[in-house]
J.: 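For reference, the structure I am asking about is given below.
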Amino acid sequence: MILKKPYAFLIKNFRIIHLVLTVLIGYLIFRTYNLYSFFNRYVDNVYATLSDAIPSNYITVFMFLIAIIIIAFSLAMFMLMKKKDKPKNLYIGLSTYYILYFIGMILYFVLFKSMETQQLTIRNAMVIRDLTLLIVLPQIALLVFSAIRGFGFDIKKFNFSKDLKELDIHEEDNEEFEFVLGVDSYKYFRFLRRRVREFKYYILENKFMFTVLTSLACGVFLILTILNFTVYNRVYGKNQRVNANDLTLQVNNSYITNMDYNGNEIAEGKYFLIVNITFKNESGKSTVLELKNYELLTKSGKVYPTPSRSIHFIDFGPGYSKEKILNGKTATYILVYELDKKDVEKKYTLRIIDSIEYKAGTMNSKHKNISLKPTKYSEIEDAGQFKLQDTVEMYDSILNNSALTIDSFEFRNKVTYKYEACIRTNCTDKTDVVTAEVAKAKTLLVLYGNLKIDKTSPFSKNSKTSMSFFDAFAQIKFDNKIAPVTDMTPASMTDSYVLSVDEHVAKAKSVELIMTVRNKMYTIKIK
């Protein structure tokens, strides 16, 4: 095998290498100045447009790649100059500076990622702006020195032949050396060992170049991997903040079910993916959600929210219906996607279109991807049988730590109650009556006990529904018949609950209060 040392190549292509370095340094100056311009605009206008602070707009993979190439060439030229006992300060400066530059761009990348969810103070922005300018200035000097080496050591004479002669190319810089290795055709394993040994010799003789090339390849691969998963194709998860459409949003939970809040099947062969999202508006103006920008990717294609279906999912949160999200305010809504049964999966991608670009007659969208792993509710589970004075804890349901205790009950046609009414500081005792609708064959079931609804549950936070716990989840079972109940409890009544039920319930031998909370069924035996 014939090998050549690299020094002759570096000497003969000395000018071209430095011209290439000049172009690469010029590109990095341009990209770094873009960074400076961004922070300069940020300070001058005293604003923080989060959609402009996107890492991929200012920190590109080519910046890292070019920095690595400059470092590699600088080290190679350093070794050459050291061997020839020539001035090598430029290459020490190039390699040292761009190693620090590489690290600095990683820090800028982290800064931009933090700016996606949190504004930068003007004071800090001024410091970073000035620091960025300081990063630009040394590159200009390095650009000039590299250009001088590219156009000739003595820029007045352009005496390349003399310059190259002074570099002192010896025959040993371009000498060939040969390995003669025999191949025994009938002993394959010996042939393999020799080839491996030959390859080792090749690596050892070209250790420097292999080290540079390997480092370059590993660096590029690492950068591409990091940027691919954290910038260009980043996939966000639950509870991670995402900046899109002038809003900062966060997916709190996602669910998939074919049942409504009371455990009833909504439509045959249909499932629904519900995404609970908190939106924060810091754009400086009120905004309305464009639901077409919130795409759910399924096996059958893209699916868009269906606002009319949100009435079935009041326990998951309030549905969105074109409400304005005011500047400086935070709001939580659910988006409901209707799916065919064949599209039910364990994992989905919610794609949020952030902006549309039109280039050369084509339309490209910038989007953010959020991975969803929804909790599935498709079967009703019996959570147990309870009796009077038992505490029914619902911690394993969508109501979180809610609980109900019924100590006693009675049936009435009329319930009289007292309450205190206050107008400013003037308070008086009042008396009022709740009456059963006898004409509709109704009677009143009065339950004495305590109901505690967890304030952190989506149902409790749903300000768009006036339904009470009993209206949403309770039914009455009497003599093997099941009937709905209507909550008629006055707001001022705190220690008892008044339910309107079928008049036959009062005379039934067996009465049970059944509460179906999404996929959990709790049964309290009344009598």
J.: Are Y261 and F316 close enough that their ring centers fall under 6.0 Å?
T.: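 Not under 6.0 Å, so no.
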
J.: For the CD1 atom of I135 and the CD1 atom of I128, what is their distance to the nearest 0.5 Å?
T.: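 Between I135 CD1 and I128 CD1, I get 10.0 Å after rounding to 0.5 Å.
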
J.: In terms of side-chain geometry, is the basic nitrogen of D479 or K509 positioned less than 4.0 Å from the acidic oxygen of its partner?
T.: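 Looking at D479 and K509, the cut-off is not met.
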
J.: Please assess E338 against R309 for the test side-chain contact (heavy atoms from CB on, under 4.5 Å), listing each intermediate value before the final yes or no.
T.: CA-CA 8 Å; E338 186 170 340; R309 291 293 196 177; 3.2 Å; yes

J.: To the nearest 0.5 Å, what is the distance between NZ (K347) and OG (S371)?
T.: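 Answer rounded to 0.5 Å: 4.0 Å.
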
J.: Looking at M126, I want to see if its CE is surrounded by more than 12 non-hydrogen atoms of other residues, nucleotides or ligands under 6.0 Å.
T.: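 Open.
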
J.: Run the ring-centre check on F102 versus F64 and record whether the distance is less than 6.0 Å.
T.: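 Aromatic pair counts; centres sit under 6.0 Å.
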
J.: Give a yes-or-no answer on whether the side chains of Q250 and N252 include a donor-acceptor pair shorter than 3.5 Å.
T.: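 Yes, N252 and Q250 have a side-chain donor paired with an acceptor closer than 3.5 Å.
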
J.: We want to know whether E410 and Y448 form a side-chain donor-acceptor pair, criterion being a heavy-atom distance below 3.5 angstrom.
T.: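 Checked: E410/Y448 side chains pair up, N/O donor to acceptor below 3.5 Å.
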
J.: Hey, would you say the Y304 and Y337 ring centroids sit under 6.0 Å apart?
T.: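 No, too far apart.
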
J.: Under a 4.0 Å threshold between the charged nitrogen and the carboxylate oxygen, would K270 count as salt-bridged to D340?
T.: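 Yes, D340 and K270 are salt-bridged.
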
J.: In terms of ring plane angle, is the pair Y294 and F279 parallel, tilted or perpendicular, where the classes change at 30° and 60°?
T.: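 Ring orientation, 0 to 90° scale: perpendicular.
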
J.: Identify whether the distance between the nearest side-chain nitrogen and carboxylate oxygen of E345 and K299 falls below 4.0 Å.
T.: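 Not counted as a salt bridge, because no side-chain N and carboxylate O are separated by less than 4.0 Å.
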
J.: In this structure, is the centre-to-centre distance between the rings of F313 and F272 below 6.0 Å?
T.: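 Here the rings of F313 and F272 have centres that are less than 6.0 Å from each other.
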
J.: Could you measure the distance from the OG1 atom of T349 to the NZ atom of K368? Nearest 0.5 Å is fine.
T.: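 The OG1 atom of T349 sits 15.5 Å away from the NZ atom of K368.
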
J.: Would you indicate whether K507, at its atom NZ, is surrounded by more than 12 heavy atoms from other residues, nucleotides or ligands within a distance under 6.0 Å?
T.: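 Count not over threshold, so no.
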
J.: Centre-to-centre under 6.0 Å for Y33 and F30, is that the case here?
T.: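 Distance test on ring centres: not under 6.0 Å, no.
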
J.: Compare all side-chain heavy atoms of L297 with those of L350 and state whether any distance is below 4.5 angstrom.
T.: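 The answer is no; the side chains never approach within 4.5 Å.
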
J.: Please check if atom CG in L131 has more than 12 non-hydrogen atoms from other residues, nucleotides or ligands closer than 6.0 Å.
T.: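 For L131, atom CG is crowded (more than 12 foreign heavy atoms under 6.0 Å).
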
